[in-house]
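Below, chain A is the first sequence line, B the second, and so on; all start at residue 1. It should be emphasised that the depicted structure is a prediction, and the values quoted were computed from it without experimental measurement.
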Number of protein chains: 2
Amino acid sequence: MPLTLKDIAKIAGVAESTVSRAINNKPGVGAQTREKIMEIVREHNYQPNQLAQGLAKRETHLLALIVADLTGPGYSEIIKSMEKTANQAGYQLIICNTDNNLAKEKTYLNLVGQHRVDGAIILGGTLANNNIMKLALNQDELLVLVNCLAEEVLIPTVLVDNARGGYLATVHLLEQGLEKIALVMGPANDFLESEKLNGYQQALADYNIPFREQLIIKTNLSREGGYNAFFRVMKIDELPDGFFVTNDLLAIGLTEAIKMGGYLIPGDFAVVGYGDSIISAVINPALTVVAEPLQQLGRLAAEYIIKLINDQAIEEVIRVLEPELIIRESSSP
Amino acid sequence: MPLTLKDIAKIAGVAESTVSRAINNKPGVGAQTREKIMEIVREHNYQPNQLAQGLAKRETHLLALIVADLTGPGYSEIIKSMEKTANQAGYQLIICNTDNNLAKEKTYLNLVGQHRVDGAIILGGTLANNNIMKLALNQDELLVLVNCLAEEVLIPTVLVDNARGGYLATVHLLEQGLEKIALVMGPANDFLESEKLNGYQQALADYNIPFREQLIIKTNLSREGGYNAFFRVMKIDELPDGFFVTNDLLAIGLTEAIKMGGYLIPGDFAVVGYGDSIISAVINPALTVVAEPLQQLGRLAAEYIIKLINDQAIEEVIRVLEPELIIRESSSP
DNA sequence: TTGTAAGCGTTATCAA
DNA sequence: TTGATAACGCTTACAA
């Protein structure tokens, strides 16, 4: 059973309030008394009970990290940097993996409502907008969104400019002299995916290349999806000369299919992927990719929620980060 | 400001203690009263303040997940399953990324001491045995170890039989008719790595193949490490015919080096890796690997710590899980 | 500068 | 079956 503040007060022969002031570096304690108290605190390695502190101050120093699937691409990196930033400010992150399960998501959002946590960060995933809207509007709960976007309601958000990413990838391929660029992407109802499509279209427009619906392959974000996408595209009348793939798994499948078909990358088809995971470097040839600033994403999200908690102003409510093109072998002639 | 138990009591016209009994399904409340109270609870969507509950009951329903590096191989999968199990039992996981920083590790272990969490799970990493020993011995703190092992002190542990993994990999190569099997591994002071070496040696012994120190390449767990390992091994007098690589990154580097040298896998060199990540399937040719039961690892760890918290007996204090060999192209003739 | 005492929202003990 | 009331460990007016 650890020592309590009361114990320390007794040992020091002062009142509890004096000890409280001393350990919280608050004014109103004589230098002598303060030193004496701190001495005892050190000696006994006293640690305040944060539960009691939380109850009295009505704060937990806990943050909920709500994520649909912890194993998502780049999430470890994002979370690591998030945790680091939060920790430096004295906050801890609670893992809330919703498994895309609406009931679980609701339960977790409730943590915020119950004042179990001081705020929540929602990372990626399709948003159950209703839940979030309720939370954000009806109550004064603190939320930050990362790599996803809420409709109809303004919530502080940090995300990567996926349209820009799509634009960069497509322009890069166009600059290689290619004109028939296929886009292999996930479901278009996913906001992140549709943004990449927008960027793709914008690039074509800027280069006066007509948009062809046939070249857009929407599939599920899996290896098989990528694999089949290639053979689907090979059935159209005019074959593509390059591919922009919006996801790692898709890229794996696609490149396998290309090789399986006896074609060369980038000789027959140039390929640009999305997300700079280890996978893109392992794929042969090494994949040119649009890289997202994962660490920055995590850090900013943590900074945002902590600012919110401390009633500090946030410069940009929707903070958009720039992706970067990393050129490797799969796209150079 | 959410409703409190007091508010409910006032509305129901009963004492707080009665409400407490009712919502906690405790005996000593008349059926009528109970129903009336629960009605009001539902109507107002009352949620008990868990901080206050924790203070009164001296439990937080929080678990610390202490990990050296969140981005470790397979950790997402382990953690996901851990979180699921914990959550089903009403516990939440707090992320504690130590960054291999002893000071941070100490701080985090303190969470347990401060009764900020009910228990802690330590996942992988080199152990600062001193810290843990103190915690486990001096105080009655609750700890579970996953994929690491404490010396000198008995702490409930869940881990994969890495010696068995090394054995399986080596025997598989031997069964292919190979006799000169090189082992590319990380630093031998890492318990997990040295276990794999043990398994390797046992396999050789069982097949009456002499152990040759030359064939053991110890390097850092990186892509470059794997790459250089190949060229180091090519300098010895009698070349190997197969490789057992204990890590994904090493495998990437090694296969690159083999191809760079103009050799074929498995024609010239068979390769077996460790850990069934997506990477092993991407490497060309697809890698035969020793796969670890990641989900089981996470689930059991959570179950263990919860049992510990509830004073339930644990069947095996050190629970050893079996790895499994997944045969792909890199090792078949 | 220091102490007293009332909260924070529960649970638990003991009477009634 | 119920209700007061004292904890739990800390913060914070308000007094002294």
Side-chain angles (χ1 to χ4, degrees), chain A residues 1-41 44-62 90 110-118, chain B residues 1-41 44-62 90 110-118:
Chain A
M1 200 68 71
L3 282 180
T4 71
L5 185 140
K6 201 181 209 165
D7 298 323
I8 302 290
K10 202 168 290 173
I11 297 174
V14 299
E16 296 176 40
S17 47
T18 307
V19 177
S20 175
R21 284 178 210 118
I23 62 173
N24 289 305
N25 282 319
K26 290 205 173 166
V29 189
Q32 299 248 337
T33 326
R34 166 164 275 141
E35 189 39 56
K36 182 168 129 204
I37 292 173
M38 293 317 280
E39 180 60 38
I40 295 173
V41 163
H44 293 79
N45 187 32
Y46 164 74
Q47 312 260 27
N49 178 318
Q50 300 201 35
L51 238 44
Q53 269 185 333
L55 188 58
K57 298 212 285 200
R58 333 187 101 251
E59 64 186 26
T60 64
H61 278 235
L62 250 30
N110 253 329
L111 289 179
V112 191
Q114 290 169 244
H115 289 277
R116 183 80 203 270
V117 297
D118 292 344
Chain B
M1 198 68 71
L3 282 179
T4 70
L5 185 140
K6 202 181 209 163
D7 299 323
I8 302 290
K10 201 169 290 172
I11 298 173
V14 298
E16 296 176 41
S17 44
T18 307
V19 177
S20 176
R21 283 179 211 118
I23 62 174
N24 288 303
N25 281 318
K26 289 202 176 170
V29 189
Q32 299 248 338
T33 326
R34 166 164 275 138
E35 189 39 55
K36 183 168 130 204
I37 292 173
M38 293 317 282
E39 180 60 37
I40 296 174
V41 163
H44 293 79
N45 188 30
Y46 163 75
Q47 311 260 28
N49 178 319
Q50 301 202 32
L51 238 44
Q53 270 185 332
L55 187 57
K57 296 210 286 198
R58 334 188 101 251
E59 66 185 26
T60 63
H61 277 235
L62 250 30
N110 255 329
L111 288 179
V112 191
Q114 290 168 245
H115 288 278
R116 183 80 203 271
V117 297
D118 292 344

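Comparing D:dT2, D:dG3, C:dG3 against the side chain of B:Val29 picks out D:dT2 as the nearest. With D:dT11, C:dG3, D:dG9 as the candidates, the nucleotide lying closest to the side chain of A:Lys57 is D:dT11. When distances run from any side-chain atom of A:Asn49 to the nucleotides D:dC10, C:dT11, C:dT1, the shortest one goes to D:dC10. Comparing D:dG3, C:dG3, D:dC10 by their nearest atom to the side chain of A:Thr18 picks out C:dG3. The side chain of B:Ala56 has C:dT11 as its nearest neighbour among D:dT11, C:dT11, C:dT1. In the set D:dT2, D:dT11, C:dG3, the nucleotide with an atom closest to the side chain of A:Leu5 is D:dT11. With C:dT4, D:dG3, D:dT1 as the candidates, the nucleotide lying closest to the side chain of B:Thr33 is D:dT1. You'll find that the side chain of B:Arg21 is closest to C:dT13, out of C:dT11, C:dT13, C:dT1. Here D:dC10 is the nucleotide among C:dT10, D:dT5, D:dC10 with the atom lying nearest to any side-chain atom of A:Tyr46.
A heavy-atom distance below 4.5 Å is not found between the side chains of A:Leu62 and A:Gln50.
To the nearest 0.5 angstrom, B:Glu39 atom CD is 10.5 Å from B:His44 atom NE2.
Residue B:Arg58 contributes atom CZ, which lies 13 Å from atom C1' of D:dC10 at whole-angstrom precision. Distance A:Glu59 CD to D:dC10 P: 15 Å, rounded to the nearest Å.
B:Asn49 places a side-chain N or O within donor-acceptor distance of the main-chain N or O of B:Leu51, the cut-off being under 3.5 Å.
Across all strands, A:Thr4 comes closer than 4.0 Å only to sugar-phosphate atoms, never to a base (heavy-atom distances).
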